[in-house]
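Just so it is clear, the model here is predicted, and its values are computed rather than measured.
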Amino acid sequence: MKHLSWLCSVLMFILVGCSQAEKKHVITVEVNFNGSPFNCNSIVAEKWQLSQLYFYLTDIAFLNEQQTWQAVNLTETSSQHQNVALLGINCADEKNATWQLTLPDDINGKQLKATVGVPFALNHQNPMTQKSPLNVPNMFWVWQTGHKFMRFEMQSQTENWLFHLGSTGCSSASALRAPDSKCLHPNTVTMPLGNVKQGIVTLDIGPWFTKVIFGEPSNCKSARDNIACQLIFANIARATQH
């Protein structure tokens, strides 16, 4: 009987340990455009409808009791790897939308911040050998410049418009070679996300595009000499001050 009791205790310990190890906390990221929920049915500037919106989040941190920023470790999932998460939607296939961050710890009620981008050490690796979500073809330019940190595209009945955020000024022997040092313009965006309320945080991207006249002439692929890009980057700088 003593052996049976000991065995039951060991099994109970293992089961409790597994239960704790598998515990997950999910945060939903809701995207707004100038205060209104932004989804595939939204209309911007009277005629523009979302086609797709994807972005990588990294360096996620919360404000702890000591009022210092504490890094958040993301759970490894198909949309999260090495503390980089891919969120977004393609309106042509809405069932594959991903708007959730999965964490091992509960940070409900905490103030959150994050960076739109991919760390340099991961940004220029071969996407064919990287794990998801860093192997998504439509979120990668070439080895030299790396990933698109944000892919935002809209369409009207007659035109398409896009904003692709990513590093520029990257120096290497060719477009198919990774740079040895950081790019001249990393173009990562660190921003506050506010408090986590009932498992939800909100990101309003509308202020990023203040005074932008949507249309093909204002397409931006992060080129610093592009006038439309200059306006967008100035907007982002103002909107993310904290």
Check: Does S42 reach the main-chain N or O of P37 with its side chain, forming a donor-acceptor pair under 3.5 Å?
Finding: yes
Next item on the list: Please answer: with hydrophobic residues joined when any side-chain heavy atoms are less than 4.5 Å apart, are L87 and F163 in the same cluster?
Entry: yes
Checklist line | Distance-minimising heavy-atom pair for G166 and F149 | finding: CA-CD1, 3.7 Å
Note to self: Starting from L184, can I reach F233 by hopping between I/L/V/M/F/W/Y residues whose side chains sit under 4.5 Å apart?
What the structure shows: no
Checklist line | salt bridge (charged side-chain N to carboxylate O under 4.0 Å, His left out): pairs with one or both residues in residues 33-55, sequence neighbours excluded | finding: K47-E159
Check: Measuring from I227:CD1 to I232:CD1, what's the distance to the nearest 0.5 Å?
Finding: 12.0 Å
Would you mind writing out the side-chain donor-acceptor pairs for residues 114-124 within the sub-3.5 Å range, not counting sequence neighbours?
unit_1 : atom_1 : unit_2 : atom_2 : d
T115   : OG1    : T190   : OG1    : 2.7
N123   : OD1    : H147   : N      : 2.8
N123   : ND2    : T145   : O      : 3.4
H124   : ND1    : W143   : O      : 2.9
H124   : ND1    : Q144   : O      : 3.1

Notebook entry, point to check: Considering only heavy atoms from C-beta outward, does the side chain of E76 approach that of T102 to under 4.5 Å?
Noted result: no
Note to self: A side-chain contact here means heavy atoms from C-beta on lying under 4.5 Å apart; do Q82 and T58 qualify?
What the structure shows: no
Next item on the list: Indicate the atoms forming the closest heavy-atom contact of S167 with C183, along with that distance.
Entry: CB-SG, 3.9 Å
Note to self: Within the structure provided, determine whether L86 and T98 are in side-chain contact (heavy-atom separation under 4.5 Å).
What the structure shows: no
Next item on the list: Any chance you could measure N90, atom CG, to Q52, atom CD, to the nearest 0.5 Å?
Entry: 4.5 Å
Checklist line | Nearest-0.5 Å distance, CD of residue E153 to CH2 of residue W161 | finding: 9.0 Å
Notebook entry, point to check: How close do V212 and S218 get, heavy atom to heavy atom, and via which atoms?
Noted result: CG1-OG, 4.1 Å
Checklist line | Straight-line distance of N126 CG to L134 CG, nearest 0.5 Å | finding: 12.0 Å
Item checked: More than 12 heavy atoms of other groups within 6.0 Å of R177 CZ -> no
Check: With sequence neighbours left out, which residue pairs that include part of residues 48-68 fulfil the salt bridge (charged side-chain N to carboxylate O under 4.0 Å, His left out) condition?
Finding: E65-K110
Notebook entry, point to check: Any chance CD of Q198 has more than 12 other-residue heavy atoms, nucleotides or ligands included, within less than 6.0 Å?
Noted result: no
Next item on the list: Answer yes if Y54 and W99 sit in the same cluster of Ile, Leu, Val, Met, Phe, Trp and Tyr residues linked by side chain heavy atoms under 4.5 Å apart, and no otherwise.
Entry: yes
Next item on the list: Mind checking salt bridge (Lys or Arg N to Asp or Glu O under 4.0 Å) for K95 and listing every partner two or more places apart, or none if nothing turns up?
Entry: D93
Check: Between N195 (side chain) and K197 (backbone), is there a donor-acceptor pair under 3.5 Å?
Finding: no
Check: Considering only heavy atoms from C-beta outward, does the side chain of S222 approach that of T168 to under 4.5 Å?
Finding: yes
Margin query: List the residues meeting ring-ring contact (aromatic ring centres under 6.0 Å, His included) with F33, not counting sequence neighbours, and say none if there are none.
Written below: F38
For a quick test of your reading: what N or O donor-acceptor pairs under 3.5 Å do the side chains of residues 203-210 make, sequence neighbours left out?
unit_1 : atom_1 : unit_2 : atom_2 : d
D204   : OD1    : N34    : N      : 2.7
D204   : OD1    : G206   : N      : 2.9
D204   : OD2    : N34    : N      : 3.4
D204   : OD2    : G35    : N      : 2.7
T210   : OG1    : P207   : O      : 3.1

Checklist line | Closest approach of Q49 to N41 (non-hydrogen atoms, all atoms of both residues) | finding: NE2-CA, 3.9 Å
Check: Between N187 and R224, does a side-chain contact (heavy atoms from CB on, under 4.5 Å) hold up when you go through it step by step?
Finding: CA-CA 10 Å; N187 292 338; R224 289 281 171 158; 2.4 Å; yes
Notebook entry, point to check: Heavy-atom distance under 4.5 Å between the side chains of F55 and V31, does that happen here?
Noted result: yes
Notebook entry, point to check: Does any non-hydrogen side-chain atom of I89 lie less than 4.5 Å from one of L50?
Noted result: yes
Next item on the list: Heavy atoms only: give me the nearest N83-V72 pair and the separation to one decimal.
Entry: OD1-O, 3.8 Å
Check: Hey, are the side chains of W48 and I43 touching, using non-hydrogen atoms and a 4.5 Å cut-off?
Finding: no
Notebook entry, point to check: How many angstroms lie between CG in N219 and CG in N160, if you round to the nearest 0.5 Å?
Noted result: 8.0 Å
Check: Q80 and P133: which non-hydrogen atoms are nearest, and at how many Å?
Finding: N-CD, 3.7 Å
Margin query: I want to check something: taking the side chain as every heavy atom from C-beta on, are F152 and L165 in contact at a cut-off of under 4.5 Å?
Written below: no
Check: Going from CE on M154 to SG on C91, what distance comes out if it is rounded to the nearest 0.5 angstrom?
Finding: 11.0 Å
Notebook entry, point to check: What orientation do H164 and W141 show, parallel under 30°, tilted 30 to 60°, or perpendicular over 60°?
Noted result: tilted
Notebook entry, point to check: Hey, quick one: are M150 and V142 part of the same hydrophobic cluster, counting side-chain heavy atoms closer than 4.5 Å, chains of contacts allowed?
Noted result: no
Checklist line | Transitive ILVMFWY side-chain link I60 to I200, under 4.5 Å | finding: no
